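Written out below as structure tokens is the structure these notes cover.
Bear in mind that the values here come from a model prediction, so they are computed numbers and not experimental data. Protein chains get the first letters and strands the later ones, always in sequence-line order, with residue 1 at the start of each.
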Amino acid sequence: MGYSFKKIEKKWQEIWEKRKIFRARFNPQKKKYYLLEMFPYPSGRIHMGHVRNYTIGDVVARYKILQGYNVLHPMGFDAFGQPAENAAIKNKISPSTWTMRCINWMRNELKRMGFSYDWEREISTCKSDYYKWNQWIFLKMFKKGLIYRKEAVVNWCADCQTTLANEEVIEGRCWRCKTEVIQKDLEQWFIRITAYKERLLKDLEKINYWPERVILMQKNWLGRSEGVEIYFKIKDLKETITVFTTRVDTIFGATYVVLAPEHPLVKKIIKGKTQEKEVLNFINKVSQKSKIVRTAKDVKKEGVFTGAFAINPVNNEAIPIWVADYVLMEYGTGAIMAVPAHDQRDFLFAKEHNLPMRIVIQNPDLSIQDPKELSEAYEGDGLQINSAEFNGLPNQQAKQKIADWMEQKGIGRRTVNWRIRDWLISRQRYWGTPIPIVYCDKCGVVPVSEKELPVKLPPRVRISGRGGSPLNHVKTFVQTKCPKCKGKARRETDTMATFFDSSWYFLRFCSPKHKTAPFNKKAVNYWMPVDQYIGGIEHAVLHLLYSRFFTKFLKDIRLLNFDEPFTRLLTQGMVLKDGEVMSKSRGNIVDPDSIIKNYGADTLRLYILFAAPPETEMEWSEQGIEGAFRFLNRVFRLLEIERGKNQPDLKLQRKLHRTIKEVTEDIESFKFNTAIARIMELVNQLYQVKDTDIYEAVRTTVILLSPFVPHLAEEMWQRLGNNKSILKTKWPKYDPSLLKEESITIVIQINGKVRSRIEVPSDITEDKLKELALNDLRIKSWIQDKPIKNIIVVPQKLINIVI
RNA sequence: GGGCAAGUGGCGGAAUGGCAUACGCACAGGACUUAAAAUCCUGGGUCCGAAAGGACGUGAGGGUUCGACUCCCUCCUUGCCCACCA
């Protein structure tokens with residue numbers, strides 16, 4: 001029952017489409033607003049997370065349209081990727097057919113939600129007119145030396161049969177299938193994102209409207225840390241071990257050195273030593289372990305002595321060199337100086353293997369001098385001891401002095417270490433952008449020339465899911481001519497990681513059909529940067545960091561005139577059911593389609609916006625849906641209330657204008673839940689007034705509601721006698737003179753507790769107010785004859801009498 | 001282990017130094033109806049009290065303030081992010 005949402009929603013969706021109401025036109029005369037939501041992977045069905053994300057965006061888009069902005073609000077599909085291959089194997093259809101089917105299905109679902117997209121700008125990354133430009137950008141980066149191929153220890157997912165970027169390894173597991181990731185030695189393509197690390201860090205300061213925690217996550221991911229590189233000569237060998245430390249103040253306490261098992265010097269220093277075999281066995285054992293086992297908390301740190309010694313350059317002491325699994329090749333130099341008295345990990349390892357300790361920083365609370373008395377490492381500040389000429393200095397000062405001294409003597413150097421690695425982008429997969437590279441026996445690695453783009457993905461490829469890149473088996477693809485010497489050559493068969501595709505799609509939306517470049521420069525410099533970006537927190541590092549990097553690169557090759565792509569970012573909260581994230585594996589999914597069918601898109605939109613503020617998690621409730629539906633019916637019935645004779649009284653006028661003010665401010669600050677609550681209050685009041693002409697009030701209410709429930713608003717708008725779309729009207733303005741009440745309730749407190757309330761004219765003087773308060777009967781009986789110490793008056797609000 | 005959020009009625013949530021619990025859900029009562037649904041109206045933190053009214057009350061404890069859900073300190077719980085990061 002209820003209003004006929006099915007008919008109404010269909011009707012307006014057709015009208016919007018027919019009248020091309022959301023078509024965005026390039027127009028430098030008009031102030032632009034680029035609103036973007038993260039485009040979906042076309043899995044086939046939209047889920048509540050999508051609905052929430054896109055509804056939030058749609059409110060902003062429609063609000064900005066009513067504010068008179070030239071709004072760009074596009075949608076597309078992040079269509080390459082592995083699930084399509086898995087589906088292809090399972091359903092015996094090609095990834096392409098499967099993906100296109102999913103896209104069609106999803107586009108329909110999105111349209112049924114009534115979102116204000118300019119569908120003429122739709123893009124799919126799996127189409128060659130899109131991925132051609134992936135290849136083009138790849139070649140530009142290649143030319144600038146930002147793309148290289150090298151053999152490296154890489155993350156390998158045995159289940160997906162492909163490599164993974166560091167960013168795609170979550171807690172030691174594949175981000176997609178959760179299989180434990182192992183390390184493999186492979187030749188792979190990398191993007192030198194590290195060349196941009198300083199700018200990626202520094203420009204975070206320019207970003208003022210992102211959630212603080214996203215900025216922080218990016219900072220942590222870049223992981224800049226200042227320290228000192230120290231050179232340890234190896235005794236009886238012409239080699240040097242370089243270690244990195246942030247605690248150079250503890251150098252005099254270094255009692256051994258540890259190399260990562262993968263460290264290239266290990267094999268050299270054990271050669272011919274009695275320990276050689278034992279060390280090799282140990283290295284072998286460690287390499288068998290997956291990353292998740294190796295970094296597990298409760299696992300004991302293991303290691304072996306190499307038989308070799310290193311010379312501590314500050315005191316020429318010979319200290320033993322160990323190999324241990326707690327030192328990682330990926331971080332720093334893959335070698336550390338161990339200071340067991342002042343580093344808990346070194347402490348535990350030293351205890352386990354009976355290695356010596358030396359205290360060099362005095363703990364001010366605990367004057368232990370004998371390391372045997374230590375129960376744990378002391379990592380705090382204190383005065384230097386056992387540190388030669390630096391004794392007695394506070395360690396933070398000593399840090400600087402020791403670094404200066406080491407630099408002078410050439411035994412160390414200040415340096416900055418970063419956590420971020422270069423970005424591994426090759427995947428041994430079919431459903432992705434072919435890497436535009438050719439291998440020629442004569443000329444070596446040769447980039448495909450721009451004119452030959454796109455290197456098209458061949459259709460009808462057998463995908464087994466096993467045994468490396470499927471493109472390897474496609475002769476017509478692999479066999480090609482060398483772009484340089486025209487001789488026989490072989491194509492690269494790896495494809496690009498799909499994060500490459502999504503790192504610049506927001507630029508393509510500005511001119512999606514542009515033929516001669518990835519985007520039209522004029523269009524992109526008009527629409528960009530994205531004014532408001534909306535999506536999930538899960539992309540806080542991966543996608544957002546890569547997109548920032550692409551933008552900076554494209555600026556450097558003079559295609560863009562800005563270097564940050566997203567001005568504002570909103571990360572929406574997840575949709576929960578029974579306190580848990582909605583997911584297939586938990587079986588607690590609510591299908592948006594069934595809600596649309598039973599209550600309509602407007603009800604779904606209203607509920608999802610009203611249930612919680614956009615940034616926090618929201619709990620799904622079927623009863624909440626009922627409530628939203630009931631409210632919309634109540635709104636719709638406003639049309640049936642007969643027009644009364646009386647003009648709206650001041651009370652209603654004031655309510656109306658206060659509501660305009662509050663709703664406007666709430667939308668601006670993304671407090672949609674309270675914006676809707678304010679409108680509900682207004683509607684409640686419209687039902688209270690009797691025999692009054694509420695036409696104007698209803699008209700305004702409908703506009704205020706239109707960003708949230710656009711179909712219902714359009715229908716009511718039309719029935720109120722308007723023949724143009726409500727989107728062609730203007731957002732209402734409030735009359736400031738109507739915000740002031742003529743009488744207000746003042747709270748009277750005694751010692752901070754509410755004891756009485758009085759109604760007074762709003763322009764009352766302070767003295768008059770005090771007098772009224774003190775003469776209030778209830779207050780009088782509270783005060784009696786107690787002395788009044790103080791009276792605090794908060795204008796328009798309260799008066800506090802201290803006795 | 002480090003960092004960042006958050007903790008308010010039976011439930012979702014509101015209030016960011018000034019009336020705690022707006023708005024909605026659920027619940028209860030009433031009106032309409034032959035009846036039900038729908039709709040409309042009313043009620044509601046807890047405890048004491050017949051009532052008027054009072055006491056207590058925003059995870060726990062302390063502090064600042066005339067006044068604290070809000071600011072500060074300590075702790076507890078939950079969530080998220082990072083993590084043998086040298």
Side-chain angles (χ1 to χ4, degrees), chain A residues 1-2 170-171 211-221 223 225 227-228 243-248 250 258 260 294-297 299 301 324-328 330-339 342-346 348-349 379 417-419 537-538 540-541 571 573-574 576 579 581 606-607 610-613 615-628 630-631 633-634 637 671 673-684 687-688 745-757 778 781 789-803:
Chain A
M1 281 301 109
I170 311 291
E171 289 173 359
E212 203 48 50
R213 62 180 182 139
V214 175
I215 303 270
L216 206 69
M217 282 161 80
Q218 294 223 345
K219 266 187 197 160
N220 289 340
W221 189 263
S225 77
V228 176
V243 306
F244 172 76
T245 181
T246 53
R247 290 295 305 273
V248 71
T250 64
V258 190
R294 193 169 155 186
T295 61
K297 251 184 225 155
V299 168
K301 302 172 189 346
D325 59 359
Y326 78 99
V327 174
L328 307 174
E330 306 96 89
Y331 188 77
T333 59
I336 63 155
M337 63 172 200
V339 186
H342 303 289
D343 182 290
Q344 186 61 17
R345 289 157 303 169
D346 297 343
L348 292 174
F349 190 79
E379 298 182 340
N417 196 52
W418 296 75
R419 205 188 81 107
I537 185 76
E538 65 272 21
V541 268
T571 51
M574 286 186 284
L576 310 180
V581 181
L606 186 79
Y607 167 68
F610 181 60
E615 301 211 62
T616 60
E617 298 177 333
M618 66 161 283
E619 175 70 29
W620 181 263
S621 145
E622 198 72 28
Q623 281 153 349
I625 284 280
E626 290 274 357
R630 212 174 300 158
F631 171 70
N633 278 296
R634 194 168 149 84
R637 280 195 307 272
K671 283 153 60 180
N673 53 333
T674 51
I676 292 165
R678 297 289 92 88
I679 300 174
M680 284 174 170
E681 282 180 57
L682 176 63
V683 171
N684 287 344
Y687 271 91
Q688 301 295 325
T745 308
I746 297 287
V747 168
I748 309 175
Q749 294 182 333
I750 294 197
N751 293 345
K753 292 205 162 138
V754 180
R755 294 303 181 190
S756 186
R757 296 181 172 88
R778 259 175 293 200
S781 77
K789 283 192 206 156
N790 197 3
I791 299 179
I792 290 131
V793 180
V794 182
Q796 310 284 307
K797 269 185 187 151
L798 62 70
I799 177 161
N800 188 14
I801 301 162
V802 186
I803 58 171

(message) Pairing check on B:rC27: which nucleotide meets the Watson-Crick or G-U wobble criteria with it, both distances under 3.5 Å?
(response) B:rG43

(request) Determine the contact category for A:Val802: base if any of its heavy atoms lies under 4.0 Å from a base atom, sugar-phosphate if only primed atoms, P, OP1 or OP2 are that close, otherwise nothing. (result) sugar-phosphate

(request) Can you measure from CG (A:Leu798) to OG1 (A:Thr745) and round to the nearest 0.5 angstrom? (result) 12.0 Å

(request) Rounded to whole angstrom, note down the C1' distance from B:rC48 over to B:rC41. (result) 31 Å

(request) For nucleotides B:rC69 and B:rC19, find the distance between their C1' atoms and express it as a whole number of Å. (result) 14 Å

(request) When you get a sec, tell me which of B:rG24, B:rC19, B:rA22 is the closest nucleotide to the side chain of A:Arg757? (result) B:rC19

To the nearest angstrom, how far is [X] atom [atom1] from [N] atom [atom2]?
X	N	atom1	atom2	result
A:Glu615	B:rG13	CD	C1'	16 Å
A:Glu379	B:rG2	CD	C1'	11 Å
A:Phe610	B:rG12	CZ	P	14 Å
A:Met217	B:rG3	CE	P	17 Å
A:Asn800	B:rG67	CG	P	8 Å

(message) In terms of relative ring orientation, are A:Phe349 and A:Tyr326 parallel, tilted or perpendicular, with 30° and 60° separating the classes?
(response) tilted

(request) Kindly say whether A:Met680 contributes a backbone atom to a donor-acceptor pair with the side chain of A:Arg634 at under 3.5 angstrom? (result) no

